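Whatever order the structure lists them in is the order used to number ligands and atoms, beginning at 1. Since the model is a prediction, treat every value here as computed from it, not as a measurement.
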Amino acid sequence: MELITKKIKGTEDVLPKESYKWQFVEDIMRKEAQSYGFKEIRTPVFEHTNLFSRGVGQTTDVVQKEMYTFDTKGGESVTLRPEGTAGAARAVLEHGVLNEGLPVKASYFVSCYRYEKPQAGRLREFHQFGLEEYGTSDPVADAELICAAQSIFDRLQIRDIHLEINSIGCPRCRKEYHKALREYFGQYKDKLCETCLSRLEKNPMRILDCKSPEDKEIAKNAPKVTDYLCEECQEHFQQVKSYLDCAGVEYTVNPTIVRGLDYYTKTVFEFVTDYIGAQGTVCGGGRYDGLIEELGGKHVPSLGFAMGMERLLMLMEKQGIEIPAPSPCDLYIAPLGEEAKKKAFALVGKVRESGLFAETDVVSRGLRAQMKYADKIGARFSIVLGDDEITRGEAVVKNMETGQQTKISLNEDFITEFIDIHTEDVNRKVAGV
Ligand code: ATP
Ligand code: MG
């Protein structure tokens, strides 16, 4: 039989046997975010298109070429979110969250959509974990945010991931810098790609982020933004670095980082690795002091980062980092016959109520097939339940690993007795007996 369709190019499925890896990483991120005071925000997968064209920036790759934009039946232009920052900012503004006391710290898990050329580490649907903080211009906040990303990598036992930081200044110092860039790139008009030619006038800094190898080569000798920072931005950058030193976080200053989105000011940073090929940026972020105003709010200096979940999981796999397998089934009850099936159905219910993981037959299989299934799901204990057991009100619990057998009553004591056996077994395992 032929399938009527397959998944869309550039999308990925996470299958039941793999999802524990995502859950493990997400749990660590959630806990780490909480310990830094961030609370989760959830926003819709689609937004009015102008949120992104204004928020992310007209001259960015994302807005110019990568967005999934369409008209609804009502004639509205909507876009599948290409990133999480703009939606989160829209939501906190719309609900007046920024009037309830600053700073506001929000975390998110989002699926993102970008029409890019699919390749390793570059998908059309991908996932991000991110942190956003609104309402502080203090450089200690920049350092704290970077520390949060670093502690997530540490908790996940990721090695060889390098923090690169830069400052791209404020609109004031950028004026001078743009002038210098226009002069420099102006000499290479005949060599630059078409997109970069259009950027030359509107936003020459974008050229530094171009992926084309020729443009990259030209960009190598371009003026460095750090030479054009105003005094305030220089001081801010200096402070961020000294707070990072204070926290013992290692970094290198990379004056070529400008980041792909338009709203960044001052601090920008990336966590980069050589382990996963060309798409080696696992996390990107920085300060975006102008975004909230751009979206119609007051001047609320803010900052944030986003990590690519797929790239992160790929990196962990490449580094052979072991993710603990989910706990196996505690008890499998194999019923023989209709009456036993009902009893088993009731008993697994009790086991689950006590917080343990239990299964019984739901496909009318014979004993052999059932025990095979119990093995497959790694059941630690099993009970075979037939007419005899029901008449006697007693059955035998078998430890599937050691073969040890223990009698258990099938009445109201069932759950206490089973928990006793189970706990003893777990304690023995912990003690290494
Ligand atoms: P790149 O330079 O790789 O295109 P970007 O600057 O477009 O990245 P951001 O918009 O800053 O990326 O997104 C933050 C993170 O999200 C990236 O560092 C990366 O880990 C991940 N990411 C971005 N685009 C994709 C994609 N198409 N597929 C998978 N992950 C992605
Ligand atoms: Mg990109």
Among [options], whose heavy atom sits nearest [atom]?
atom                    : options                        : answer
atom 14 (C) of ligand 1 : Gln128, Lys117, Glu83          : Gln128
atom 1 (P) of ligand 1  : Arg122, Met309, Glu116         : Arg122
atom 29 (C) of ligand 1 : Ala120, Gly308, Gly121, Gly130 : Gly121
atom 22 (N) of ligand 1 : Tyr264, Tyr113, Phe126         : Phe126

Would you verify whether the NZ or CZ of Lys241 falls within 45 degrees of the ring axis of Phe237 while also being under 6.0 Å from that six-membered ring's centre?
-> yes
Indicate yes or no: does an N/O atom of Arg114 lie under 3.5 Å from an N/O atom of ligand 1?
-> yes
Applying the ring pair (Phe, Tyr, Trp, His ring centres under 6.0 Å) test to Phe129, which of Tyr108, Phe38, Phe109 qualifies?
-> Phe109
Can you name the residues that form a ring pair (Phe, Tyr, Trp, His ring centres under 6.0 Å) with Phe52, not counting sequence neighbours?
-> none
Please name all residues satisfying ring pair (Phe, Tyr, Trp, His ring centres under 6.0 Å) with Tyr188, sequence neighbours left out, ordered by chain then number.
-> Tyr184
Between the side chain of Thr136 and the main-chain N/O of Ala141, is any donor-acceptor distance below 3.5 Å?
-> no
What atoms in ligand 1 come closer than 4.0 Å to a heavy atom of Ala306?
-> 14 (C), 15 (C)
Numbering as shown, the atoms of ligand 1 that approach Val282 to under 4.0 Å (heavy-atom distance) | 18 (O), 20 (O)
Pick out which of Arg199, Arg114, Arg206 makes a side chain to side chain donor-acceptor pair (under 3.5 Å) with Asp61.
-> Arg199
